[in-house]
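Encoded as structure tokens, the structure appears first; notes follow it.
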Amino acid sequence: QVQLVESGGGLVQAGGSLRLSCAGSGRTFSSYSMAWFRQAPGKEREFVAAISWRGDSTYYTDSVKGRFTISRDNAKNTVYLQLSSLKPEDTAVYYCATNGESGIYYSDEKYDYWGQGTQVTVSS
């Protein structure tokens, strides 16, 4: 069983930055790939970024490339998402997720474990 807890969301002006954290439980956390998704009001949940279990491979949706950075610290069982140059369209609830294995997937249907989400609001 894996438990995930996100933190770090908040209200920020356009152009600003935030760092989201996702703390995971479980002794094999370092063996799992991790991902961030987001869901804006009235929209479906969408893939944002993912990172391999060793942290040596990262993946991003096109709309955040060059602005967001995913990273992990396996010693702390934590995954981060650095959000920079934020835009109002980045406003959403951000979720971290894992499938409990090393595979990387872009579909939320492939992920079994989810955090409760953290709200990011970007004002114009």
Decide whether [X] and [Y] are clustered together by the hydrophobic rule: side chain heavy atoms of Ile, Leu, Val, Met, Phe, Trp, Tyr closer than 4.5 Å, transitively.
{"X": "Leu4", "Y": "Ile104", "value": "no"}
{"X": "Val2", "Y": "Tyr94", "value": "yes"}
{"X": "Tyr106", "Y": "Tyr111", "value": "yes"}

Between Asp62 and Lys65, is there a side-chain N and carboxylate O pair less than 4.0 Å apart?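 Salt bridge between Asp62 and Lys65, a charged N being under 4.0 Å from a carboxylate O: yes.
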
To the nearest 0.5 Å, how far apart are [atom1] in [X] and [atom2] in [Y]?
{"X": "Trp53", "Y": "Met34", "atom1": "CH2", "atom2": "CE", "value": "15.0 Å"}
{"X": "Gln82", "Y": "Arg67", "atom1": "CD", "atom2": "CZ", "value": "12.0 Å"}
{"X": "Trp36", "Y": "Cys96", "atom1": "CH2", "atom2": "SG", "value": "5.0 Å"}
{"X": "Asn77", "Y": "Ser30", "atom1": "CG", "atom2": "OG", "value": "7.0 Å"}
{"X": "Ser71", "Y": "Ile51", "atom1": "OG", "atom2": "CD1", "value": "6.0 Å"}
{"X": "Ser124", "Y": "Leu86", "atom1": "OG", "atom2": "CG", "value": "13.0 Å"}

Please check: side-chain N/O of [X] versus main-chain N/O of [Y], any donor-acceptor pairing under 3.5 Å?
{"X": "Asp90", "Y": "Leu83", "value": "no"}
{"X": "Glu6", "Y": "Gly117", "value": "yes"}
{"X": "Ser33", "Y": "Ser52", "value": "no"}

Are there over 12 heavy-atom neighbours, none belonging to Gln3, within less than 6.0 Å of that residue's CD?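 12 or below, so no.
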
Please find the pair of heavy atoms, one from [X] and one from [Y], that lie closest to each other, and give the distance.
{"X": "Ala49", "Y": "Leu81", "answer": "CB-CD1, 4.1 Å"}
{"X": "Asp112", "Y": "Asn99", "answer": "OD2-O, 3.8 Å"}
{"X": "Ser21", "Y": "Thr78", "answer": "CB-CG2, 4.3 Å"}
{"X": "Thr69", "Y": "Tyr60", "answer": "CA-OH, 3.3 Å"}
{"X": "Arg38", "Y": "Ser63", "answer": "NH2-OG, 3.5 Å"}
{"X": "Gly115", "Y": "Tyr95", "answer": "O-CD2, 3.6 Å"}

Does Lys43 have any salt bridge (charged side-chain N to carboxylate O under 4.0 Å, His left out) partners at least two apart in sequence or in another chain, and if so, which?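 For Lys43 there are no salt bridge (charged side-chain N to carboxylate O under 4.0 Å, His left out) partners, ignoring immediate neighbours.
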
Lys NZ or Arg CZ of Arg72 over Phe29 ring: under 6.0 Å, within 45°: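 Judged by the rule, Arg72 and Phe29 form a cation-pi pair.
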
Side chains of Thr121 and Gln119, donor plus acceptor under 3.5 Å: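 Yes, a side-chain donor-acceptor pair sits under 3.5 Å.
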
Answer yes if the ring centres of Trp114 and Phe37 are under 6.0 angstrom apart, and no otherwise.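 Close enough - the centres of the two rings lie under 6.0 Å apart.
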
Run the ring-centre check on Phe47 versus Tyr105 and record whether the distance is less than 6.0 Å.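 Distance test on ring centres: not under 6.0 Å, no.
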
